[in-house]
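Here is the structure we will look at, set down as structure tokens.
Throughout, residue positions are numbered sequentially from 1 according to the sequence presented.
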Amino acid sequence: MQAASSSADQVASCAPLVGYLGGTVTATWLDPELSGYRRDRPGLRQLLRAVEAGEIDIIVCEALDRLARDAEDVAWLGKKLAYHRVQLHTVSEGHVDEIKFAVAGLLGSIFLKHLVDKTLRGMEAAVLAGRFAGGRAYGYRRMVRLDANGDVQRGLLEIDEVQAAVVRRIFTWFAAGLSSIQIATRLNEERFPGPRGGQWNASTIRGDPAKLVGILNNPLYAGRLVWGRRQWRKNPDSEKRERRYRLRDRAEWVEVAVPDLRIVDDTLFEGVRAEIERRKRAPQAPSPAGRTRARHLLSGLIRCSCCGANYTISGKDYYRCAGQKERGTCSNRVSVRKEPLETATLAILQEHLLTGEHVRLFTKEFEREIQRLTREEAGRDDAAQLRLKQITTELDNLYQNLLAGIASPALRAMIAARETEKMRLEARGDLTGTVRPTATLLPHPALMERFRSKVAALRQSLDDVSIRIEAAAVLSTLIESVTIYPDEPDGPEAEVVAKVADLITWATNDNAAPKGGVPSSMAVVAGTGFEPVTFRL
């Protein structure tokens, strides 16, 4: 909620400090209306690139928390500036040295924790007062009202009668027996815009009753405002909040009656709740086949040629166009069996890998990898030899101290530790005079046969239950798309598009995969790709 002019005000406050330091402003970087908690801010990234390029030697800002607030980010920033010999001066702290970086990181963490606590407390107070503290709610619009002091009251909603009519139709249709897919189809046919302005999805209507999400499960339509069901957490890897789908205990939820915001009456709302319960499927124990399909190999890769939507899993063994399944806006009703589609797609990959050029690349990469491993092993042996000499010298000195009568427990412990390490190093064959067997290159025909056997086992490898989820992630990098064409003259067809360079990365890797894992890739150089391949469904 920072004002857009705040960054410009900070720049003005830094001008006297620049003059005091006798510096010259080479560039100014701003991140207006962005939290200092984010490390991926565009202005900060540009500043750090200038630091790495040696274009500046002093950074001036209003306060250290304008650059970073998270303790980890503050420490990282301090190390980075020290490495590039760049000083940091702020209007608030003056010259920021190592101690100030450490203190600022601690204070920033405390500030953020208190800010979160105060924000949540304020939101809860707003909800208890009957004001809305969440995101957008379909069927309502923001209402502008001034308090006694002339300030705008936040969190006030009023019913949007046009959208409210759609909500009532959804509840009425569902209570009458229509499915969420049929309702979405009707709304899209009548060109009613969805909550985000696009088309309606069945999932938007159906939602999840346990989490009170979805049009049919929102208690606000029955005049009850519920807040605090779920918890938001920040993912340190993505710099974004990550929704956790584990609900808070119901005792932690805040529920307030807001009769002025009621859109459907209790009879209709409870009738829909009963219909949802009636349509619930009885829980079934997962089958062994289901356990082996932890993730579908082609998830997210299959496209519909008619509407461009993804094909999603439908039922147990079929893919179906999401545009037809979820929105009812696509005429493509072709369902594709999962097993034949996966088998045919992988067969195409196998066919395009079994070429003379790919075998040559595999042989070259295999030999290069053997040479790399041999060099690494030799380096480890040299390091072990050097360490053995150091330990021998240290033991000689420790033995001299022992003979001189210095027999403290610490001395004996040091001797015991070094003798153990010496025995471990001498146990290696190459350090005791025994010649360690070296890796030998296989003859060319044997390498070709190994390559063919690995490619031929592609389907079986990706079906391994222990690596299936990771295998699906690998396939998402190997295959660009699988497009379904339902109206071809000779019947439905699928077109597979991939890149040889990505395929070769997998095929040339001959490292044994650890149990439960997938092989790691080796960098290779290959061709640009192959033409799309089409096969009959």
- Message: For the OG atom of Ser180 and the CG atom of Leu178, what is their distance to the nearest 0.5 Å?
- Response: 10.0 Å
- Message: With no hydrogens and no angle check, just 3.5 Å: does a side-chain donor-acceptor pair link Asn310 and Tyr319?
- Response: no
- Distance in Å, Ile183 CD1 paired with Phe171 CZ, rounded so as to fall on 0.5 Å steps: 10.0 Å
- Backbone of Gly214 reached by a side-chain donor or acceptor of Asn218 within 3.5 Å: no
- Query: Looking only at atom types and distance, does a side-chain atom of Arg224 sit under 3.5 Å from a main-chain N or O of Pro219, one as donor and one as acceptor?
  - Reply: no
- Query: Are side-chain heavy atoms of Pro492 and Val336 found at a separation under 4.5 Å?
  - Reply: no
- Taking the side chain as every heavy atom from C-beta outward, state whether Arg142 and Leu157 have any pair of such atoms under 4.5 Å apart. yes
- Task: Return yes if some donor-acceptor pair links the side-chain N/O of Tyr140 with the main-chain N/O of Leu220 below 3.5 Å, else return no.
- Result: yes
- Less than 4.5 Å apart, any side-chain heavy atom of Phe192 and any of Glu190? yes
- Message: Counting neighbours of CZ on Arg337 that are heavy atoms of other residues, nucleotides or ligands and sit closer than 6.0 Å, is the number greater than 12?
- Response: no
- Item | Atom pair CZ/CG of Arg41 and Leu30 - distance to nearest 0.5 Å | 11.0 Å
- Query: Counting distance only, does the side-chain N/O of Arg168 pair as donor-acceptor with the main-chain N or O of Val264 below 3.5 Å?
  - Reply: no
- Message: Using a strict threshold of under 4.0 Å (side-chain N to carboxylate O), is an ion pair present between Arg279 and Glu275?
- Response: yes
- Distance-only polar pair, side chains of Arg186 and Gln182, donor-acceptor under 3.5 Å: no
- Item | Heavy-atom check, side chain of Leu261 versus side chain of Leu225, under 4.5 Å | no
- Item | Least distance between heavy atoms, Tyr311 atom then Ile484 atom | OH-CG2, 3.5 Å
- Does any N or O in the side chain of Ser481 come within less than 3.5 Å of the main-chain N or O of Leu301, such that one atom is a donor and the other an acceptor? no
- Could you tell me whether the side chain of Asp73 and the main chain of Ala68 form a donor-acceptor pair under 3.5 Å? no
- Query: After noting the C-alpha distance and the side-chain angles of Asn217 and Arg273, does the key distance pass the side chain to side chain donor-acceptor pair (under 3.5 Å) rule?
  - Reply: CA-CA 8 Å; Asn217 304 301; Arg273 303 298 302 167; 2.6 Å; yes
- Distance in Å, Ile159 CD1 paired with Tyr221 OH, rounded so as to fall on 0.5 Å steps: 10.5 Å
- Note on the structure: Shortest non-hydrogen pair, Asn201 vs Ala184, comes out as C-CB, 4.0 Å
- Message: Set out, in order, the CA-CA distance, both residues' side-chain angles and the distance that settles side-chain contact (heavy atoms from CB on, under 4.5 Å) for Thr312 and Ile302, then state yes or no.
- Response: CA-CA 8 Å; Thr312 58; Ile302 312 174; over 6 Å; no
- Query: Which atoms form the tightest heavy-atom contact between Ala175 and Val272, and what is the distance?
  - Reply: CB-CG2, 4.2 Å
- Message: If you apply the rule side-chain contact (heavy atoms from CB on, under 4.5 Å), what do you find for Val254 with Val226, and how did you get there?
- Response: CA-CA 6 Å; Val254 178; Val226 180; over 6 Å; no
- Message: To the nearest 0.5 Å, what is the distance between CG on Leu156 and CG on Asp260?
- Response: 11.0 Å
- Is there a donor-acceptor pair closer than 3.5 Å between any side-chain N or O of Asp160 and the backbone N or O of Tyr138? no
- How close do Cys330 and Cys306 get, heavy atom to heavy atom, and via which atoms? SG-CB, 3.8 Å
- Give a yes or no answer on whether the side chain of Asp265 reaches the backbone of Thr267 with a donor-acceptor pair at less than 3.5 Å. yes
- Message: Within the 3.5 Å criterion, strictly below it, is a donor on Asn332 or Arg320 matched to an acceptor on the partner's side chain?
- Response: no
- Note on the structure: To the nearest 0.5 Å, atom CH2 of Trp200 lies from atom CG of Leu187 at 6.0 Å
- How close do Gly43 and Asp31 get, heavy atom to heavy atom, and via which atoms? N-OD1, 2.7 Å
- Query: Taking NZ, NE, NH1 and NH2 as the nitrogens, is one of them in Glu52 or Lys80 under 4.0 Å from a carboxylate oxygen of the other?
  - Reply: yes
- Task: Can you spot which of Ile215, Leu268, Ile276 makes a side-chain contact (heavy atoms from CB on, under 4.5 Å) with Phe174?
- Result: Ile276
- Query: Any idea which heavy atoms bring Ser305 and Thr483 closest together, and the distance?
  - Reply: CB-CG2, 3.8 Å
- Go through the steps to decide whether Gln324 and Ser331 satisfy the test side-chain contact (heavy atoms from CB on, under 4.5 Å), and finish with yes or no. CA-CA 7 Å; Gln324 199 282 327; Ser331 60; over 6 Å; no
